[in-house]
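These notes concern the structure reproduced below.
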4 protein chains.
Amino acid sequence: MSPTTRRDTILAVSARLFAEKGFGNTTTSEIAREAAVAEGTLYHHFANKDDIFLTLFNETMDGFLAGATAAAVTGSGRERLSAYIRFHFDYFAKNQGRILILQRDFPPHLANPGGVGKPAFILDKLSRITELLSLILDAGKKDGTLAFRYASRDAAELLRGMLIGCTRQKVLGTITTPIPKLATMVESFCMDALAAGQAGASSDRHGGER
Amino acid sequence: MSPTTRRDTILAVSARLFAEKGFGNTTTSEIAREAAVAEGTLYHHFANKDDIFLTLFNETMDGFLAGATAAAVTGSGRERLSAYIRFHFDYFAKNQGRILILQRDFPPHLANPGGVGKPAFILDKLSRITELLSLILDAGKKDGTLAFRYASRDAAELLRGMLIGCTRQKVLGTITTPIPKLATMVESFCMDALAAGQAGASSDRHGGER
Amino acid sequence: MSPTTRRDTILAVSARLFAEKGFGNTTTSEIAREAAVAEGTLYHHFANKDDIFLTLFNETMDGFLAGATAAAVTGSGRERLSAYIRFHFDYFAKNQGRILILQRDFPPHLANPGGVGKPAFILDKLSRITELLSLILDAGKKDGTLAFRYASRDAAELLRGMLIGCTRQKVLGTITTPIPKLATMVESFCMDALAAGQAGASSDRHGGER
Amino acid sequence: MSPTTRRDTILAVSARLFAEKGFGNTTTSEIAREAAVAEGTLYHHFANKDDIFLTLFNETMDGFLAGATAAAVTGSGRERLSAYIRFHFDYFAKNQGRILILQRDFPPHLANPGGVGKPAFILDKLSRITELLSLILDAGKKDGTLAFRYASRDAAELLRGMLIGCTRQKVLGTITTPIPKLATMVESFCMDALAAGQAGASSDRHGGER
DNA sequence: GATGAATGAGTGTTCATTCAT
DNA sequence: TATGAATGAACACTCATTCAT
């Protein structure tokens, strides 16, 4: 489990350095030095520097998706959403180093290569998060434990944006509330917003806008 | 007001390029070329490349703070929060280029110089946003139009994180909902979450957690 | 005329180093050091290392073409061919350094980029040599001072191949005959081969082959 | 005889790759991969990458020398020269891959190690070609079937330069004439140039030059 | 103020060669 | 013999910054 192979060492060191100084400010020679391997060795295990980052991204996202899916598999829609949110902050707390990379500075040239839009692998991971949240919201709507206007897909995107955004602010150090409390706050915030019997009233108040 | 001075041209061009390609992938020679000035001229108007970014950051944030403060100055707490949220998305829509810079890739070496934490000027701007939101929340609590548990400062940070996070996802292109609809959704989501009479119920349901 | 601008210095130094050690074995830092400029300066004057070579190639070829055209402009076809051959060796003697590059190791990746055939600029220069020789041969055939079978274009290619090949062997140091004598030998060799009244006889002797 | 041993496979693969992409652009890992051996295995059969090239060079040259000697062993001097030229193009046609290496990009650091001149093994092979051609020319002069001024050794070098140069241009793709026709053309060109009774006339015409 | 040629330390990446297994 | 992971010196090229004009 601890990083014993060189490949794992390189990944672990890279995650830490990317987190500490950003992708663009981390040099390959630095990674090599801290991983105690020759610089050339990096290129035996990864095609290039980007590949190291992408591997980290995929592993982190896969871990999140697997965990979130498992966490939100049972109970009412409301319970599943609660579980999802708690897992979100749990995973974040346990993988701060890795999350940082993704949250702080996803390298622009990887996010939008050629300026034509996101590469498929990113969209794929994100859309799988959206799908999971969609399913949860649908389940809640069906069993009457969650209420919201708009399509569940739109609501799922919004939820995802808010959760990730919140986590990011925490990563960036611009939120002072400690993680456990932050998690609880966000959880109840969302629960309140999606409380059954709430949507109608809100709709009345704002129904005429736009 | 329109960018006629060299300094303004440089700023406008930089904002566009930073937005299009990221700070790190924009070269000073590119800025100079597109601004139709010599590369050395940049250094007569700005101390260095970082300074251009920082100037952009400060101007954008000052504009936001001034506008948000003005927008949220009258009415009930609930109305003021609504106005704040609408302004948030308005400003974003009108300043997509500039916002992008700040949202997407705030240069890590500027965000955490030396790794010891955020420099004062960033914290200053952000804390003024938090203060504004705090005031709004306090007003709403006092006049009974907003309800929430926790300190208003914590709630303000959370709100700020969610709003900015949502905007960021939109900027990054990972939210498909168009801005006006997104704004309405977020607004009613927050209104619902902070609806008077709601917090207590939510508290009951989740009060035992953590 | 002597290399006074930095650009000229870089070209002169590059020509010498490419000649001495080959294109691939000459480093940009070496060129910079010997030209007494910073390495980055190379990239102000040339797009990249290839560009230095290509500039040298084009200048050398243009000089050759201009000189050869001028040399072979008057007299009978026979006289013009003689003049062309003499100029060929003259130019070679005077530009040994530069010629060496082209003769010895035209960088394979420039000669056949992508493996799909020669880039246009090379073919262009070479075909202009062939054209010039074609014109000379045609003139000689018309005025009866040169005789040869086959199309003049084919004969021109053959002549070009032989002349350049000979020069190359000299450059490579595998021909010991000094240049002036070599030039005279080649000249009379070609003159004999193309002597009027000769072609028919040769044709008889070898007409049946292949 | 067919490449069944690892050593032969390595040589065959190397010849093809060197021909396709040049010596300097062929990596040892590529050779190993295409030869289906481990990279380290290369170093059990050859001292280093240079050694592979040199082995190829020697084998190819030995094959040429043996064949050329055999081809040019009988008949008049004229017939022997004809046979030599035909063999030259024959061997070239049959060994294009291997010839390409030697013709196109003899690695400069092998051709002129240290810049002090050609290493002995190259001079040795080339001088044996010159010797063979010298013998042929001498025989032709003696039996009256070939005529030329200058020492036969000088003439031999010139002939060798022209023939190799022509072949090289063909290899480089800058001669369009197909090989068989090219061979016939070169053969009659040389035969005409060295036709008995020709030299004197040519000498008269050009005797005064230089 | 304005210029733009010059700088040079620093980058990601390559690849012939070695050596423990 | 055979392997292939590991090496590390070397490379072409970048770009924020300077400064003489």
Side-chain angles (χ1 to χ4, degrees), chain A residues 5-7 10 23-33 35-53 109, chain B residues 5-7 10 23-33 35-53 109, chain C residues 5-7 10 23-33 35-53 109, chain D residues 5-7 10 23-33 35-53 109:
Chain A
T5 73
R6 287 188 209 249
R7 193 189 130 98
I10 292 168
F23 177 82
N25 302 320
T26 303
T27 67
T28 50
S29 79
E30 211 169 354
I31 296 172
R33 183 170 6 97
V37 299
E39 203 162 349
T41 303
L42 300 185
Y43 293 86
H44 268 280
H45 296 288
F46 303 95
N48 47 39
K49 195 186 166 191
D50 285 356
D51 190 33
I52 298 179
F53 179 86
H109 73 283
Chain B
T5 73
R6 271 146 142 73
R7 194 189 127 97
I10 292 168
F23 177 81
N25 301 321
T26 302
T27 66
T28 49
S29 82
E30 226 167 355
I31 296 172
R33 183 170 4 98
V37 299
E39 208 164 345
T41 304
L42 299 184
Y43 292 83
H44 280 286
H45 295 286
F46 302 94
N48 49 37
K49 193 186 168 193
D50 286 355
D51 189 34
I52 299 178
F53 180 86
H109 73 282
Chain C
T5 73
R6 287 188 210 250
R7 194 189 129 98
I10 291 168
F23 177 82
N25 301 320
T26 302
T27 68
T28 49
S29 79
E30 213 170 350
I31 296 172
R33 183 170 5 97
V37 299
E39 200 162 349
T41 303
L42 300 186
Y43 293 87
H44 268 280
H45 297 287
F46 303 95
N48 47 40
K49 195 184 164 193
D50 286 357
D51 189 34
I52 299 179
F53 180 86
H109 73 282
Chain D
T5 73
R6 273 146 142 70
R7 194 188 127 96
I10 292 167
F23 177 81
N25 301 321
T26 303
T27 66
T28 49
S29 83
E30 226 168 355
I31 296 172
R33 182 170 5 99
V37 299
E39 208 164 343
T41 304
L42 298 184
Y43 293 84
H44 280 286
H45 296 286
F46 301 95
N48 49 37
K49 194 185 167 193
D50 286 355
D51 190 33
I52 299 179
F53 180 86
H109 72 282

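FYI, side chains are in, hydrogens and waters are out, and symmetry mates aren't considered; it's all heavy atoms of this structure. Throughout, a chain's letter reflects where its sequence line sits, starting with A, and its residues are numbered from 1.
With rounding to the nearest 0.5 Å, the separation of CD1 in B:Ile31 from CD1 in B:Ile52 is 4.5 Å. Remark: B:Arg6 CZ to B:Leu42 CG distance equals 11.0 Å, nearest 0.5 Å.
Separating the CD1 atom of A:Ile10 from the C1' atom of F:dA5 is a distance of 11 Å, rounded to the nearest angstrom. Atom-to-atom, CZ of D:Arg33 to C1' of E:dA16 comes out at 15 Å; the value is rounded to the nearest Å. Rounded to an integer number of Å, the gap from CZ of A:Arg7 to P of F:dG4 is 18 Å.
Scanning all heavy atoms of the two residues, the minimum distance from C:Asn25 to C:Glu30 falls at O-OE1, 4.0 Å. Across all their heavy atoms, B:Thr26 and B:Lys49 have their closest contact at O-NZ, 2.8 Å.
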Which nucleotides of DNA chain F pair, in dot-bracket form (Watson-Crick or G-U under 3.5 Å, | meaning another strand): .||||||||||||||||||||
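Applying the side-chain contact (heavy atoms from CB on, under 4.5 Å) rule to C:Arg7 yields the partners C:Thr5, C:Leu11, C:His45, C:Phe46, C:Thr55, C:Glu59; only residues at least two apart in sequence or on another chain are considered.
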Letter per nucleotide, 5' to 3', of nucleotides 12-21 of chain F [B base touched, S only sugar-phosphate touched, - untouched; heavy atoms, 4.0 Å]: BBBSBBB---
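Between the side chains of D:Thr28 and D:Glu39, at least one donor N or O sits under 3.5 Å from an acceptor N or O.
Closest to the B:His45 side chain, of the nucleotides F:dA6, E:dG1, F:dT3, is E:dG1.
Residue A:Arg6 places none of its side-chain N or O atoms closer than 4.0 Å to OP1 or OP2 of F:dG4.
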